[in-house]
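All remarks here apply to the structure that follows.
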There are 2 protein chains.
Amino acid sequence: MARAGLDQQAVLAAAAEIADTKGVEELTLSTLAQKLGIRPPSLYNHVHGLPGLRRQLVLYAYAKLKETLTQAAVGKAKDEAVRSLAEAYRAYVHRHPGVYEASERYADLTDPEVQRAAGEVVDLLIQVLEPYGLEHEEAIHVIRGFRSMAHGFATIERSGGFGIPLDLDVSYRKLLDAYLAGLRALYAK
Amino acid sequence: MARAGLDQQAVLAAAAEIADTKGVEELTLSTLAQKLGIRPPSLYNHVHGLPGLRRQLVLYAYAKLKETLTQAAVGKAKDEAVRSLAEAYRAYVHRHPGVYEASERYADLTDPEVQRAAGEVVDLLIQVLEPYGLEHEEAIHVIRGFRSMAHGFATIERSGGFGIPLDLDVSYRKLLDAYLAGLRALYAK
DNA sequence: TTAATATAACTAATGTTATTAGTTTTTGTC
DNA sequence: GACAAAAACTAATAACATTAGTTATATTAA
């Protein structure tokens, strides 16, 4: 029999790698077991079936995203911080396309753990917006806008939805430029 | 035996309804056949298996989106047209969540038919931006920004990703306000 | 009107996946 | 060294997609 010596971390890491390299549809208990050198039923020792695996992957995705964004924001403020966050968000989706997609596809936002993990990302964004001195509600609106742009651009890009051969970096920068300029214009001063 | 008298249209309509009401994961050949009162293998008379069904659904999704956006744009120009498009885009995702999701999930953008269908939506947006008199490349950047915002906001909203109880209509309007104001500011004049 | 053909349904069978139940073996602990 | 817990296993079942082969119903042609 020869035990494989796996734990949740190892299983999750293998799952993330399959998702990122082969795509999220390829992440099955079969492919995962094969990668780990065990039989599919053995996975139930580490994970609550496929739903449990997906849930773990969602939590991992949010944690990693928060970590990535946090690193991007240190030592920066205002527009510079926002631009850095936007770049980091997009880069994260590039680097972890499958994991990010899993967080879109499988997140059950009625699950308190998942809510907390997702909420921590939003909390970070709130922090970064502090220096602007916005009303709380206003900050929420701005964050929703930011997330929409970053998520929307990155996912359309990931799916190959921007078909015309024109520099995507430029498009993204212009989108952000416009939004930031618009905020300046609207919130006057 | 008693023939059911189905054709591609009827099959596709039933598939769209399942996707929109039960969710895209519930759209299987089993559930579809059940809804149509036939056995799963009989579907192969109308559709090239599950991949073929999904492809049809993707084409349907783009066609319907284009139609919806076209209606929203008639008789309007510039900012008013853009706002109307944005509203229509979001409303479309609300009304056809499963069909829209299918177009995200299953679109194979190397398929020429799919490219054409998706391209027609972009062409419409290009038309609407004409009155601004932008350079062609500039128009493409703006369209990418528009799509990112509309797609991003609508899909995060659909997934329940905006958890805080704060009016989403307001957030969406403010996002658009900021973007449009930003474009005005950047493209000067 | 009838004969021939094409079409749309069917049943049966196969392979894949997820999952559960029950078993064995290893590992770690007293 | 014995025992308990954990991690692997095999076997079996159910759901789904798909293929092959069959039958009945439309449709078309003579």
Side-chain angles (χ1 to χ4, degrees), chain A residues 1-60 98-99 101-103 105-108 111, chain B residues 1-60 98-99 101-103 105-108 111:
Chain A
M1 230 171 247
R3 219 172 261 211
L6 300 174
D7 60 354
Q8 272 211 353
Q9 287 309 311
V11 171
L12 192 56
E17 194 184 323
I18 291 174
D20 282 335
T21 57
K22 314 275 185 181
V24 100
E25 318 77 14
E26 282 301 304
L27 175 57
T28 68
L29 294 186
S30 274
T31 59
L32 180 56
Q34 193 158 14
K35 183 180 186 73
L36 293 169
I38 61 176
R39 300 308 182 106
S42 306
L43 286 169
Y44 287 75
N45 288 312
H46 305 290
V47 157
H48 290 334
L50 189 57
L53 174 68
R54 288 171 172 171
R55 178 172 181 272
Q56 291 302 120
L57 200 54
V58 166
L59 294 173
Y60 172 82
V99 168
E101 189 167 356
S103 76
R105 213 178 257 216
Y106 305 127
D108 169 13
D111 179 332
Chain B
M1 234 171 241
R3 217 171 263 209
L6 299 173
D7 61 353
Q8 272 211 352
Q9 287 309 312
V11 171
L12 192 56
E17 195 185 320
I18 292 174
D20 282 335
T21 58
K22 315 275 185 180
V24 98
E25 316 77 14
E26 281 300 305
L27 175 57
T28 67
L29 294 187
S30 275
T31 59
L32 180 56
Q34 192 158 14
K35 182 181 187 72
L36 293 169
I38 61 176
R39 301 309 182 107
S42 306
L43 285 169
Y44 287 74
N45 288 313
H46 305 289
V47 157
H48 291 333
L50 189 57
L53 174 68
R54 289 172 172 169
R55 178 174 181 271
Q56 291 301 118
L57 199 54
V58 167
L59 294 173
Y60 172 82
V99 168
E101 189 166 357
S103 76
R105 215 178 255 217
Y106 305 128
D108 170 12
D111 178 333

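Lettering of chains follows the sequences in order, A, B, ..., and the numbering in each one begins at 1.
- To the nearest angstrom, C1' of D:dA7 lies 11 Å from CG of A:Leu43.
- The distance from atom NE2 of A:His46 to atom C1' of D:dC9 is 12 Å, rounded to the nearest whole Å.
- Across A:Leu57 and A:Ala102, no two heavy atoms sit closer than the pair CD2-CB, 3.7 Å.
- With values rounded to the nearest 0.5 angstrom, B:Leu29 atom CG is found 11.0 Å from B:Ser42 atom OG.
- Exactly one residue among B:Leu27, B:Thr28, B:Leu43 makes a side-chain contact (heavy atoms from CB on, under 4.5 Å) with B:Leu53. That residue is B:Leu27.
- Taking atom CD of A:Gln8 as the reference point, atom C1' of D:dA6 lies 14 Å away to the nearest angstrom.
- Looking at the side chain of A:Ile38, the nearest of the listed nucleotides D:dC16, D:dT19, D:dC9 is D:dC9.
- Protein atom CZ of A:Arg54 is 14 Å distant from nucleotide atom C1' of C:dT19, rounded to whole Å.
- With C:dT19, D:dT19, C:dA9 as the candidates, the nucleotide lying closest to the side chain of B:Pro41 is D:dT19.
- For the pair B:Ile18 CD1 and D:dC16 P, the computed distance is 12 Å after rounding to whole Å.
- The side chain of B:Tyr44 approaches D:dT18 more closely than any other nucleotide in the set D:dT18, C:dT17, C:dA9.
- Side-chain atoms of B:Asn45 and base atoms of C:dA9 include a donor and an acceptor less than 3.5 Å apart.
- With C:dT17, C:dC10, C:dT20 as the candidates, the nucleotide lying closest to the side chain of A:Thr28 is C:dT17.
- Considering only the side chain of A:Arg39, D:dT10 comes nearest among C:dT20, D:dA17, D:dT10.
- Base contact: A:Ser42 has a heavy atom under 4.0 Å from a base atom.
- Across every non-hydrogen atom of A:Tyr44 and A:Gly49, the tightest pair is CE2-CA, 3.5 Å.
- Residue A:Leu50 places its side chain closer to C:dA18 than to any other of D:dT18, C:dA18, C:dA9.
- Following rounding to the nearest Å, A:Asp7 (CG) and C:dG28 (C1') show an atom-to-atom distance of 16 Å.
- Closest approach of B:Arg39 to B:Ala33, counting heavy atoms only: C-CB, 3.7 Å.
- Rounded to whole Å, atom P of D:dA8 lies 14 Å from atom CG of A:Leu29.
- Atom CD in A:Glu25 sits roughly 16 Å away from atom C1' in C:dT16 (whole-Å rounding).
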